[in-house]
Structure formats: structure tokens, C-alpha cells
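Take a look at the structure below.
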Amino acid sequence: MLNDMSTQENTAIIVAAGSGSRLGSEKPKQFLLLADREILSYSVQTFLDHPEIGEVIIVTAAAYLEHVSIHYPDCHVVLGGPNRQDSVFNGLRACSRDTKIVLIHDAARPLIPARVIDDCLKQLKTFDGTAPAIKPVDTIVQLKGNEFQNLERDKLRIVQTPQCFHLDVLRQAHASGKTDTDEMGLVKQTIPSARLGYIDGAPEAMKVTNPQDIILLEFYAKTV
Ligand code: CTP
Ligand code: MG
């Protein structure tokens, strides 16, 4: 079912201005090939194809502005900043005047199911913000010096993107001048009354961080 709000009001912001230092490849990971296509192109296509997304903004580094502008002519391309949060901020500034909802997505997560986008938009009918999250499969321990503590796995989640908000809420959070590692954390920190809740993510929405992630994603790309 379509969202009550019109498609023009939903803007995807794909942040692609990182350098991929942990992967250590010669170019940033979003510009590497995955099964013969640039990693960035997968999520861009998913958002462009989604019937409820009206606009796709790509945020990228100065060295890639020309490349991205040429290869993604259906997107609005803007310059990123030194940290992910700065890049998100630049994306928020570039939203069209019609935008009411923003979906902030990591370019380093190529395989985002349309179902996740559907569920996020549905959740925003009653929530201020949402993001996909999955349950960890391994035991997770917290280290305290030489000691450790097993954490309650049922209460833990691995958070993915897109992180989705009513635009006014995320703008207010950014205006606080505070920082956090993701948008859900920033909004929770700065607007305690905000209604935030996670939806079910997907294993294939994993992020490319280390070299072996690309091998696993190539498998997913052929099977999902
Ligand atoms: N990102 C961004 N602007 C930055 C830093 C990160 O747009 N200044 C983007 C990345 O391009 C990526 C997403 O945020 O799509 C998630 O960040 P991460 O996985 O940490 O990517 P990098 O910062 O590129 O990698 P690393 O931390 O290993 O350097
Ligand atoms: Mg990073």
C-alpha cells in the first residue's frame, strides 16, 4: 500500500563520501565493483525504482563529484564532509522544498530490500524515526579489563540503514550541534521525547567494511 504522503515528500540521501580506510582499497569501497557493477549503483537503483521515493541525493567527496554526477544523472549530487554526520547534514540541506521524510542510507550497503524501505515508511506514519535492525547470532561479551560479561543477546540489535525520519525532527537534532555515531542515536540524545522504533532489517543489508564482506555480498547479489 502506498504511503499516505505523496512520493515527492520522500527523499533518499545516500552517503558516499567516506574513504573506506578499514578496507584499504585503492579507491573508496562504494566505487569498487560487486558482480560487475559499482557498489554505489545498487542502492541508488533500489531507491530510484521504489514507487514511494521522489528524490535521490548522493553525497560524495570532492574527488568523486564529477564521476558521480556523470554516472548518476537521475540523482542530485552534493559534496560531503569530514565525518559521516557532516555528510548527512549536507544531504539534508540539499533536500527539495517538498521533502517531509528523509531516508539516510550508507552507500556501503548495496543490497537494501525494497521491503525494508516499505516497512520504514509505514513505521513513520506513527513514529518520528526508524531504522532496520537485526538480531546478532553470536554471543556478545563486554570486556572490563581482564573480566568479561555476557550480554543478553535477545536485547541486542545490529543497526543498519536506511535511518528514516520526519525531516523536521532530524534537522532539529542536527541543529543541536551534538554528535553521535548514527541518526537514531543523535535524535534520541537530542530529542528525548521523539518516538523511535526499529523494524526488521535483512542480513543482505550488511555493510562492506572488510575485504571478505565483498565475497559474501557477491553471493547475496546472485541469490536475493
Ligand atoms: N561516509 C560519508 N562521509 C564521511 C564518512 C563516511 O558519506 N565523511 C559514508 C561512507 O561513504 C559509507 C557510510 O558513510 O557509505 C558508512 O561509513 P563507513 O562504513 O564508516 O565508511 P567509511 O568511513 O568510508 O569507511 P572507514 O570508516 O573504514 O574509513
Ligand atoms: Mg567511517
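Please read these numbers as outputs of a predicted model, since none were measured by experiment. Basis for what follows: all heavy atoms, side chains included, without hydrogens, waters or symmetry-related copies. In each ligand, atom 1 is the first atom listed, and ligand 1 is the first ligand listed.
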- Task: Answer whether the closest heavy-atom distance between the side chains of Val59 and Leu79 falls below 4.5 Å.
- Result: no
- Query: Where does Arg109 meet ligand 1, judged by heavy-atom distances below 4.0 Å: at the side chain, the backbone, both, or neither?
  - Reply: neither
- Should the heavy atoms of other residues, nucleotides or ligands under 6.0 Å from CG of Asp36 be counted, would the total exceed 12? no
- Query: Does Pro28 have a non-hydrogen atom less than 4.0 Å from ligand 1?
  - Reply: no
- Item | Qualifying residue, where the test is side-chain contact (heavy atoms from CB on, under 4.5 Å) with Thr60 and the options are Ile14, Val68, Leu40 | Val68
- Task: For Ala108, take its heavy atoms, then give the atoms of ligand 1 lying under 4.0 Å from any of them.
- Result: 15 (O)
- Message: For atom 18 (P) of ligand 1, tell me which residue out of Lys29, Arg84, Gln85 has the closest non-hydrogen atom.
- Response: Lys29
- Message: Against the six-membered ring of Tyr42, is Arg37 placed for a cation-pi contact (under 6.0 Å from the centre, within 45° of the normal)?
- Response: yes
- Heavy atom of the protein closest to atom 13 (C) of ligand 1 (residue, atom name, distance): Asp106 OD1, 3.4 Å
- Show which atoms of ligand 1 fall inside a sub-4.0 Å distance from at least one heavy-atom site of Asn83. 4 (C), 8 (N)
- Task: State if Val59 counts as touching ligand 1 under the rule of any non-hydrogen atom under 4.0 Å.
- Result: no
- Query: Within a radius of less than 6.0 Å around CD of Glu66, do more than 12 heavy atoms belonging to other residues, nucleotides or ligands occur?
  - Reply: no
- among protein heavy atoms, the one nearest atom 20 (O) of ligand 1 is Arg22 NH2, 3.0 Å
- Give the atoms of ligand 1, by number and element, whose distance to some non-hydrogen atom of Ser87 is under 4.0 Å. 2 (C), 3 (N), 4 (C), 7 (O), 8 (N)
- What is the nearest protein non-hydrogen atom to atom 10 (C) of ligand 1, stated with its residue, atom name and distance? Gly18 N, 3.7 Å
- Message: If you count every heavy atom of other residues, nucleotides or ligands that lies below 6.0 Å from Gln212 atom CD, does the total exceed 12?
- Response: yes
- Task: Can you pull out the closest protein heavy atom to atom 12 (C) of ligand 1? Residue, atom name and distance to 0.1 Å, please.
- Result: Val15 O, 3.8 Å
- Contact atoms of ligand 1, heavy-atom distance to Pro82 under 4.0 Å: 8 (N)
- Query: Can you check whether Val208 has an N/O within less than 3.5 Å of an N/O in ligand 1?
  - Reply: no
- Task: Anything under 30° is parallel, anything over 60° is perpendicular, the rest tilted; go ahead and classify Tyr64 against His67.
- Result: perpendicular
- Report yes if some heavy atom in the side chain of Met206 is under 4.5 Å from a heavy atom in the side chain of Ile158; otherwise report no. no
- Query: Looking at side-chain heavy atoms only, is the closest gap between Ile134 and Gln160 below 4.5 Å?
  - Reply: yes
- Query: Between Pro110, Ala17, Gly20, which one has a non-hydrogen atom sitting closest to atom 22 (P) of ligand 1?
  - Reply: Gly20
- For Gln30, counting its heavy atoms only, list the atoms of ligand 1 lying under 4.0 Å from any of them. 11 (O)
- Looking only at protein heavy atoms, what sits closest to atom 8 (N) of ligand 1 is Gly81 O, 2.9 Å
- Might you point out which heavy atoms bring Ile112 and Ser43 nearest each other, and give the distance in Å? CG2-CB, 4.2 Å
